[in-house]
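Before any comments, here is the structure.
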Amino acid sequence: MAPKQQAFVTEITPQSEDFSRWYTDVIRRAELADYSPVKGSMVIRPYGYAIWELMQSALDRRFKETGHVNAYFPLFIPESLLRKEAAHVEGFAPEVAWVTRGGDETLEEPLVVRPTSEAIIGTMYSKWIQSWRDLPILINQWANVVRWEKVTRLFLRTTEFLWQEGHTAHETEEEAEAEARRMLGVYKEFLETELAMPVLDGRKTESEKFAGAAHTYSVEALMGDGRALQAGTSHHLGQNFAKVFDITFQARDKSVQHVWQTSWGMTTRLIGAAIMVHGDDSGLILPPRVAPHQVVIVPIPRGDWRTTVLPRAKEIAATLKQAGVRVMLDDREEYKPGWKFSEWEMRGVPLRLEIGPRDIEQQQVLLARRDTREKLTAPMEGLETRVAELLDAVQAALFERAVAFRDGHTLRTTSSDEFRRAFEGRPGFVIAPWCGSADCEAKIKADTQATIRNLAFDLPPATGDCVRCGQAGMTDAWFAKSY
RNA sequence: CGGGGCGUGGCGCAGUCCGGUAGCGCGCCUGCUUUGGGAGCAGGAGGUCCCGAGUUCGAACCUCGGCGCCCCGACCA
């Protein structure tokens, strides 16, 4: 058996050998996505899309709970609208796709395929808002956007991707600020609860903020290879877009004012993040909350199993389904149990339930955890409770494991030597004093490829002098190499 | 867009240096035996060798041009 198992393992490159290759191997073997004939664009396959649907519904529920509603805006944006906000167009111009022809006709005004929807939504808001009584507007849209990136990577960066973008308009600066912060909080809670992914929340530096925003907040997660990944952003747009799109309202004091806006988004990149945070050399490990199949039942075919084991397996599947568990009964006869064990492990199913003639006799089943590979028996009596407990336990263990990994890959230093040496590799996060200048930030990036991921909300006092210039530190910042 | 690598049945690769019958493993199809950690045997199907030009009696292989993918940088969710 041993040589066979080794042969199987070679289908996925070990993480330690080549993390990037491991990542793409897992995606393709687990059938999450595939390359398409369109350059830079991928196909999200049913298993990957099922994960996205679970993320969507978990997020959408939170948006609704916080008073937001969904709408849909056009894919195409006239060039002139995109050009209205100077910083915005400057930031996005290099990566927009253009439509210059419709059928046989050359368009009078070229259209861009939306890279984000501030421009088109701002235009509509100016029509919809007249009075302070029209505010706030709390709209979200689920959509696809296009950004012509030079380098692409499955889920993490593709020319077209799926996301949600919230766009809100408010009466006051304080209200908009509170909204931007609140949605960042929603993101953090979502990631930690649903994806078992610990994140740092904070504010982006000037050089890293969204094109056209007053300021940008982000949540940052640490991947298994020691690189950070921005998992979500929330922008306080100030009145920048309101002024150029003429979004005004008459206030309670009869004066005419510009609205204060926010926008915030999360994308299908999160699927890639979940893969890289939790996966191992055997493949995916999915957090139960977003696993398309939370439990896979593998009946053991022996003797007259079709009349003894199989009916019992179907009963268990029905019971678990009734209890709200996403369960899949793998009763295919063309594959052996051992093959199925490996296959579902590779696909990251959190819990496997084995049932064979021996188990029927003893009124029990065998349960195997994907995360720890621990196997245990459980009586059939009260099985749905036991399964629910175990799914919760896996979810919690994955989060704790990820926290431990992040903490184990977070270095505090005040020494510029140690800082530089750390970034010769991929150390994870490095917390170090920074003077606050964009110049030092840029030099650090040029020297080490590390960037400030974000700054904690309550700026911690610097624990030393700036690791780049040696001047007095303004604060300790979180540095990392990032995706 | 710079540097490097790769493109050959569905997947992973050998063959390319030195031009001469397209191969291997896995997968797939059929049958029998199997089935509690990726089963065995037998038979079988499946290929514009990324695309286009050129050199040659003859090109997967040599030359030129293009396209795509991967890795490392600069840009980004």
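The sequence lines fix the lettering, A, B, ..., with proteins before strands; numbering per chain opens at 1. Keep in mind that the numbers below use all heavy atoms, side chains included, and drop hydrogens, waters and symmetry copies.
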If we take the P atom in both U8(B) and C62(B), what is their distance in whole Å?
16 Å
G9(B) to G47(B) separation - P atoms, rounded to the nearest Å
11 Å
Taking the same atom, P, in G2(B) and in A14(B), what whole-Å distance lies between them?
28 Å
Looking only at the aromatic ring of each residue, does the gap between the centers of Trp264(A) and His167(A) stay below 6.0 angstrom?
no
Between Arg426(A) and C72(B), is there a side-chain N or O to OP1/OP2 distance below 4.0 Å?
yes
In whole Å, I'd like the distance from the CG atom of Asp34(A) to the P atom of C70(B).
11 Å
Using purine N1 to pyrimidine N3 plus N6-O4 or O6-N4 for Watson-Crick, or N1-O2 and O6-N3 for G-U wobble, each under 3.5 Å, what pairs with G19(B)?
none
With sugar-phosphate meaning primed atoms plus P, OP1 and OP2, does Asp18(A) contact a base, only sugar-phosphate, or nothing at under 4.0 Å between heavy atoms?
nothing
Counter-base of C64(B), judged by Watson-Crick or G-U geometry with both distances under 3.5 Å
G52(B)
Roughly, in whole Å, what's the span from NZ in Lys445(A) to C1' in A74(B)?
8 Å
Pick base, sugar-phosphate or nothing for Pro94(A), based on heavy-atom distances below 4.0 Å to the nucleic acid.
nothing
Taking donor-acceptor contacts at under 3.5 Å, does the side chain of Gln449(A) reach the base of G73(B)?
no
Can you tell me which nucleotide in C70(B), G36(B), G12(B) comes closest to the side chain of Arg21(A)?
G12(B)
Using atom C1' of each nucleotide, how far apart are G19(B) and A59(B) to the nearest Å?
6 Å
Phe341(A) CZ to U35(B) C1', straight-line distance once rounded to whole Å
10 Å
Does Arg147(A) get its side chain close enough to the base of C76(B), under 3.5 Å, for a donor-acceptor pair?
no
Work out how far the P atom of G23(B) is from that of G65(B), and round it to whole angstrom.
33 Å
Under 3.5 Å for both donor-acceptor distances, Watson-Crick or wobble: does C26(B) have a partner, and if so which one?
G10(B)
Starting from C1' on G10(B), measure out to CZ on Arg28(A) and report it in whole angstrom.
11 Å
Applying the 3.5 Å cut-off to both distances, the Watson-Crick or G-U partner of G46(B) turns out to be none
Suppose you measure atom C1' in G43(B) against the same atom in U48(B); what distance do you get, rounded to whole Å?
29 Å
Check whether any side-chain N or O of Tyr23(A) sits under 4.0 Å from OP1 or OP2 of C70(B), and answer yes or no.
no
Is it the case that the ring center of Phe155(A) lies less than 6.0 angstrom away from the ring center of Phe161(A)?
no
Mind checking Tyr335(A) for me? I need base, sugar-phosphate or nothing, with any heavy atom below 4.0 Å counting as a touch.
sugar-phosphate
Could you measure between the two P atoms, the one in C28(B) and the one in G10(B), and give it in whole Å?
15 Å
So Tyr483(A), base contact, sugar-phosphate only, or nothing? Heavy-atom distance under 4.0 Å.
base
Partner nucleotide of C1(B) by Watson-Crick or wobble geometry (both distances under 3.5 Å)
G73(B)
When the distance from NZ of Lys375(A) to C1' of G36(B) is rounded to whole Å, what number comes out?
8 Å
Residue mapping more 5' on RNA chain B - nearest nucleotide basis, Gly356(A) or Trp163(A)
Gly356(A)
Test side-chain hydrogen bond (donor to acceptor under 3.5 Å, both in side chains) on Thr216(A) and Glu208(A); report intermediate values, then the result.
CA-CA 8 Å; Thr216(A) 288; Glu208(A) 296 270 330; over 6 Å; no
When both hydrogen-bonding distances must be under 3.5 Å and the geometry is Watson-Crick or G-U wobble, what is C32(B) paired with, if anything?
G40(B)
Using a heavy-atom cut-off of 4.0 Å across all strands, would you classify Gly40(A) as base, sugar-phosphate, or nothing?
sugar-phosphate
Separation of Asp25(A) atom CG from C69(B) atom P, in whole Å?
17 Å
Check ion pair Asp417(A)-Arg421(A) (N to O, under 4.0 angstrom)
no
Between C76(B) and Lys204(A), is there an OP1 or OP2 to side-chain N/O distance shorter than 4.0 Å?
no
Hey, does Leu156(A) reach any base, or is it just sugar-phosphate, or nothing, if we go heavy atoms under 4.0 Å?
base
Looking at every strand, decide which applies to Gln230(A) at a 4.0 Å heavy-atom threshold: base, sugar-phosphate, or nothing.
sugar-phosphate
So, does Arg153(A) get its side chain near the phosphate of C76(B), meaning an N or O under 4.0 Å from OP1 or OP2?
no
Salt bridge (charged side-chain N to carboxylate O under 4.0 Å, His left out) filter on Glu206(A), not counting sequence neighbours, yields Lys209(A)
Phosphate OP1/OP2 of C71(B): any Ser20(A) side-chain N/O under 4.0 Å
yes
Report yes or no: do Glu90(A) and His88(A) form a side-chain donor-acceptor pair below 3.5 Å?
no
N/O (side chain, Lys150(A)) to phosphate O (OP1/OP2, G73(B)) under 4.0 Å
no
Which whole-number value in Å describes the distance from Lys340(A) NZ to G37(B) P?
13 Å
Are Arg453(A) and Thr451(A) close enough that a side-chain donor and a side-chain acceptor fall under 3.5 Å?
yes
May I have the distance from Glu31(A) (atom CD) to C11(B) (atom P), rounded to whole angstrom?
12 Å
Could you tell me how far C29(B) sits from G20(B) if I compare only their C1' atoms? Round to whole Å.
34 Å
Mind checking if Ser482(A) touches a base, just sugar-phosphate, or nothing, with heavy atoms under 4.0 Å?
nothing
Give me each pair satisfying salt bridge (charged side-chain N to carboxylate O under 4.0 Å, His left out) with a member in residues 282-299 of chain A, each pair once, sequence neighbours excluded.
Glu194(A)-Arg289(A)
